[in-house]
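As the structure is a prediction and not an experimental result, all values here were calculated from the model. Throughout, numbering of the chain's residues begins at 1 and tracks the sequence.
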Amino acid sequence: QVQLVESGGGWVQAGGSLRLSCAASGRSFSSYALAWFRQAPGKEREFVAGIRWSAGTTYNADSVKGRFTISRDNAVNTVDLQMNSLKPDDTAVYYCAAGRVLYSDPALYDYWGQGTQVTVSS
C-alpha cells in the first residue's frame, strides 16, 4: 500500500505561481513512479508531469513544459510540482498518483491522493 496526500492548492491570478506537494508513505513507494494529473470539470483526467523516484528522471506534458517543474525530496518523501506562469486553462483538481511505471495513462496508476483544487483567474 502507498498513501498519498496532496497539499498546496489554492487561488491565484493568471501569471502567478503555486507549489503543490504530495507526501508519500507506505511500503516500497520508492520503487514507484510518482505523477501529477489534473482534471477540469467536464474533461478527462490529464497527465501533467511525472518522476521516477529512484532515478529522479522526469517527464512533463507539452502543455506545461517550461512552466511546471516536478521534483522529489528524499528527506521528507515528497514530490512537488512548482507551477509558474499559470493560465486560466490550468484550473483543475490536481491529483498525485503512484504507479509501477511512468506513463501518461491514468489507468496504469495504482494509488491516488484525494486531490487539491487549483483555480487561476484571468
Should Tyr111 and Trp36 be counted in the same cluster of Ile, Leu, Val, Met, Phe, Trp and Tyr side chains packed under 4.5 Å apart?
yes
Let me confirm one number: the CD-CG distance from Gln3 to Asn77, rounded to the nearest 0.5 Å.
12.0 Å
Less than 4.5 Å apart, any side-chain heavy atom of Tyr59 and any of Ile51?
no
Examine distances only and state if a side-chain atom of Asn60 and a backbone atom of Thr69 form a donor-acceptor pair shorter than 3.5 Å.
no
Please round to the nearest 0.5 Å and tell me the distance separating atom CG of Leu81 and atom OG1 of Thr116.
11.0 Å
Roughly how far apart are Cys96 SG and Ile70 CD1, rounded to 0.5 Å?
7.5 Å
Do you know the tightest heavy-atom contact between Ser17 and Asn84?
OG-OD1, 2.9 Å
Locate the shortest heavy-atom distance separating Gln117 from Val93; write the atom from each residue and the value.
OE1-CG2, 3.2 Å
Which pair of heavy atoms, one from Gly50 and one from Leu102, lies closest together, and at what distance?
CA-CD1, 3.6 Å
Answer yes if Val12 and Val64 sit in the same cluster of Ile, Leu, Val, Met, Phe, Trp and Tyr residues linked by side chain heavy atoms under 4.5 Å apart, and no otherwise.
yes
One should read off an interatomic distance between Lys87 NZ and Ser122 OG, to the nearest 0.5 angstrom, of 14.0 Å
Distance-only donor-acceptor check, side chains Thr57 and Arg52, under 3.5 Å:
yes
For atom CD of Glu44, is the number of surrounding heavy atoms from other residues, nucleotides or ligands below 6.0 Å larger than 12?
no
With a 3.5 Å cut-off and no angle check, do the side chains of Tyr32 and Arg100 form a donor-acceptor pair?
yes
Hey, any chance Tyr109 and Trp53 share a hydrophobic cluster, counting ILVMFWY side chains that come within less than 4.5 Å of each other, even indirectly?
no
The criterion is side chain to side chain contact (heavy atoms under 4.5 Å, CB included); which residues satisfy it with Val118, sequence neighbours excluded?
Leu18, Leu20, Met83, Tyr94, Val120
Ion pair present between Asp80 and Arg19, side-chain N to carboxylate O less than 4.0 angstrom?
yes
Could you check Ser21 against Glu6 for side chain to side chain contact (heavy atoms under 4.5 Å, CB included), going step by step and ending with a plain yes or no?
CA-CA 6 Å; Ser21 186; Glu6 303 99 334; over 6 Å; no
Rounded to the nearest 0.5 Å, the NZ atom of Lys43 sits from the CZ atom of Arg38 at a distance of 8.5 Å
With hydrophobic residues grouped by side-chain heavy-atom distances under 4.5 Å, do Trp112 and Phe47 end up in a single group?
yes
Output the distance between atom CH2 (Trp11) and atom OG1 (Thr119), rounded to the nearest 0.5 Å.
9.5 Å
Indicate yes or no: does Lys65 engage Asp62 in a salt bridge with an N to O separation below 4.0 Å.
yes
Verify the ring-centre separation between Phe37 and Tyr95: is it less than 6.0 angstrom?
no
Are a donor atom and an acceptor atom from the side chains of Thr78 and Asp73 found within less than 3.5 Å of each other?
no
